[in-house]
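Some notes on the structure that comes next.
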Amino acid sequence: MKLPVIKHLTQFIEDNDQDYLVETIEVLESLTEVSSLKDEELDVIGELISNMYGALEVHKMVQSGTDKKEALNTFMKRVLGAIDK
């Protein structure tokens, strides 16, 4: 996951609507079922999906009253904590 990408996507949600990301995730998840995709292509799609889910999580925190910067930091700490385990 990349914090600048998640930050950008979070701003996109604020400017538009989270439904765009939800629908894009559905399309990308469907694409992962294409048998001819190479591992590298699947990795890129997976990274995009992860960043979009991250942006949705950050947006949810912001909607519940958390400052945007704090929400981003909290999310990344949670992700890094999960990786360290």
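Quick caveat, the model's predicted, so the values are computed rather than measured.
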>> Which residue in the set L72, T66, N73 passes side chain to side chain contact (heavy atoms under 4.5 Å, CB included) when paired with K69?
In response: N73
> In chain order, what residues pass the salt bridge (charged side-chain N to carboxylate O under 4.0 Å, His left out) check against E26, with sequence neighbours excluded?
Replying inline: none
> From Q18 CD over to E23 CD, what is the distance, rounded to the nearest 0.5 angstrom?
Replying inline: 10.5 Å
Identify each donor-acceptor pair in which a side-chain atom of residues 41-62 lies under 3.5 Å from a protein atom, sequence neighbours left out, and give them as a table.
residue : atom : partner : partner atom : Å
E41     : OE1  : K38     : N            : 2.7
E47     : OE2  : M1      : N            : 3.2
S50     : OG   : G46     : O            : 3.0
N51     : OD1  : K2      : N            : 3.0
N51     : ND2  : E47     : O            : 3.1
Y53     : OH   : E29     : OE2          : 3.0
E57     : OE2  : K60     : NZ           : 3.4

> Nearest 0.5 Å, what's the CG-CZ distance between L3 and F75?
Replying inline: 9.5 Å
>> To the nearest 0.5 Å, what is the distance between CD1 on I25 and OH on Y20?
In response: 15.0 Å
> Can you tell me how far OG1 of T32 sits from CG of L28, rounded to the nearest 0.5 angstrom?
Replying inline: 8.5 Å
> If you round to the nearest 0.5 Å, how far is CD of E14 from OG1 of T10?
Replying inline: 7.0 Å
>> Counting only heavy atoms from other residues, nucleotides and ligands, does the tally under 6.0 Å from NZ of K68 exceed 12?
In response: yes
>> Hydrophobic clusters here meaning ILVMFWY residues chained together by side-chain heavy-atom distances under 4.5 Å, can you tell me if V22 and I6 are in one?
In response: no
